Amino acid sequence: MNRINLIALGVKDIAASLKFYREIGFEASVRGPEEAPVIVFFKNQGTKLELYPLELLAKDINEENPPALSTGGFPGITLAYNAKSEEEVDGIFHRVKEVGAEIAKEPKKTDWGGYSGYFRDPDGYYWEVAYGADWKFDENDMLIIED
């Protein structure tokens, strides 16, 4: 077993999160009415991203004793968008600022030789947008990690 097909983000307001992700360029497949979706899948390359109501996601794990919901701190997980240029990173940050994302760290040169910054989505999930000059991508635009 060595595969991740879907990453589910538990969200507090699924309609607001759908709007945010659409505004930054994600194409969505929505189950249920647009104003109150039941579940959302994004049509991105590689691993799929899903939005699902947070309380229902916790109950899906254990209906009788769901895990406690986060109170907002850092959950120890980040999501990443690997760009093909510094200009692409800057373009994404321009877009997320336009739709009101919280910028956690403006893009800048990194100590590992790249260029990276972080923003937060409406539910507080951290996204890194990064570029590395030596990065390579496969035919599906997935980052190739070499040994």
Side-chain angles (χ1 to χ4, degrees), residues 1-108 110 112 114-132 135-145:
M1 183 176 104
N2 189 11
R3 178 175 63 216
I4 298 173
N5 296 100
L6 185 64
I7 296 171
L9 298 181
V11 296
K12 295 174 188 152
D13 182 338
I14 195 166
S17 291
L18 171 60
K19 181 179 185 294
F20 172 82
Y21 280 101
R22 276 192 168 151
E23 287 179 349
I24 65 170
F26 281 68
E27 185 179 338
S29 174
V30 179
R31 305 294 191 269
E34 285 284 321
E35 62 281 353
V38 175
I39 191 169
V40 175
F41 296 100
F42 292 106
K43 300 175 183 179
N44 52 307
Q45 297 172 332
T47 302
K48 300 299 181 202
L49 184 64
E50 165 193 352
L51 300 180
Y52 196 70
L54 181 59
E55 290 182 12
L56 295 177
L57 186 58
K59 287 180 181 178
D60 191 48
I61 293 168
N62 185 326
E63 189 170 348
E64 295 176 17
N65 189 23
L69 301 179
S70 171
T71 57
F74 177 57
I77 185 173
T78 63
L79 301 163
Y81 178 98
N82 300 113
K84 295 182 180 177
S85 68
E86 290 183 14
E87 294 78 20
E88 185 178 0
V89 172
D90 290 339
I92 292 167
F93 268 82
H94 178 75
R95 182 66 181 242
V96 300
K97 286 177 184 178
E98 284 182 338
V99 301
E102 175 189 337
I103 305 303
K105 180 173 112 180
E106 290 285 347
K108 66 179 186 176
T110 67
W112 49 268
Y115 184 71
S116 169
Y118 285 87
F119 71 88
R120 292 178 71 186
D121 78 357
D123 286 278
Y125 292 107
Y126 286 89
W127 279 85
E128 179 186 26
V129 182
Y131 163 73
W135 288 354
K136 296 176 186 155
F137 296 83
D138 68 14
E139 64 279 355
N140 294 314
D141 281 336
M142 295 299 293
L143 181 65
I144 297 171
I145 308 291

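This structure is a prediction, so every number in the text was calculated from the model and none was measured.
The shortest non-hydrogen separation linking Gly25 to Arg95 is N-NH2, 4.4 Å. Here the closest heavy-atom approach between residue Ala28 and residue Val40 is recorded as CB-CG1, 3.9 Å. The two residues Lys59 and Pro66 make their nearest non-hydrogen contact at N-CB, 4.0 Å. When all heavy atoms are compared, the tightest approach of Val30 to Pro37 is CG1-CB, 3.6 Å. The two atoms that bring Phe93 and Gly117 nearest to each other are CZ-C, 3.3 Å, heavy atoms only.
Rounded to the nearest 0.5 Å, atoms CG (Leu79) and OH (Tyr125) are 8.5 Å apart. Atom NZ in Lys12 sits 8.5 Å away from atom CG in Leu69 (nearest 0.5 Å). With values rounded to the nearest 0.5 angstrom, Leu143 atom CG is found 4.5 Å from Asn82 atom CG. Atom CD in Gln45 sits 11.5 Å away from atom OG1 in Thr47 (nearest 0.5 Å). Atom CD1 of Ile7 and atom CG of Asn44 lie 9.0 Å apart (nearest 0.5 Å). Taking NZ of Lys48 as the start and NZ of Lys43 as the end, the distance is 9.5 Å to the nearest 0.5 Å.
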Using the rule given for side chain to side chain contact (heavy atoms under 4.5 Å, CB included), can you reason through Tyr81 versus Glu88, listing the C-alpha separation, both sets of side-chain angles and the distance that settles it, and then say yes or no? CA-CA 10 Å; Tyr81 178 98; Glu88 185 178 0; 2.4 Å; yes

Step-by-step side chain to side chain contact (heavy atoms under 4.5 Å, CB included) determination, Leu54 to Val11: CA-CA 5 Å; Leu54 181 59; Val11 296; 5.8 Å; no

Stepwise side chain to side chain contact (heavy atoms under 4.5 Å, CB included) check, Lys97 with Glu106: CA-CA 11 Å; Lys97 286 177 184 178; Glu106 290 285 347; 3.0 Å; yes

Just do the side chain to side chain contact (heavy atoms under 4.5 Å, CB included) check on Ser17 and Asp123 with the steps written out, would you? CA-CA 8 Å; Ser17 291; Asp123 286 278; 2.8 Å; yes

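Looking at Leu9 and Tyr52, their side chains never come closer than 4.5 Å, going by heavy atoms from C-beta outward. Residues Tyr21 and Leu51 meet the side-chain proximity criterion, which asks for heavy atoms closer than 4.5 Å. At least one side-chain heavy atom of Glu34 sits under 4.5 Å from a side-chain heavy atom of Leu18. With contacts defined as side-chain heavy-atom distances shorter than 4.5 Å, the pair Ile24/Ile92 does not qualify. Looking only at side-chain heavy atoms (C-beta outward), Val89 and Ser116 stay at 4.5 Å or farther from each other. Two residues are said to be in side-chain contact when any heavy atoms from C-beta on lie closer than 4.5 Å; Asp90 and Tyr115 meet this criterion.
Aromatic rings of Phe42 and Phe26 (six-membered ring for Trp) have centroids within the 6.0 Å cut-off, being under it.
At a threshold of 4.0 Å, the pair Arg31-Glu50 does not count as salt-bridged, since none of the basic side-chain nitrogens sits closer than that to a carboxylate oxygen.
Both cation-pi conditions hold for Lys84 and Phe137: the charged atom is under 6.0 angstrom from the six-membered ring centre and inside a 45 degree cone around its axis.
Asn140 contributes no side-chain N or O that, together with a main-chain N or O of Met142, makes up a donor-acceptor pair within less than 3.5 Å.
Counting non-hydrogen atoms of other residues, nucleotides and ligands closer than 6.0 Å to CD of Glu98 gives a total above 12. Atom CD of Glu102 has more than 12 heavy atoms from other residues, nucleotides or ligands within 6.0 Å.
Taking the six-membered ring where tryptophan is involved, the planes of Trp127 and Phe119 are essentially parallel, since the angle between them stays under 30° and well short of 60°.
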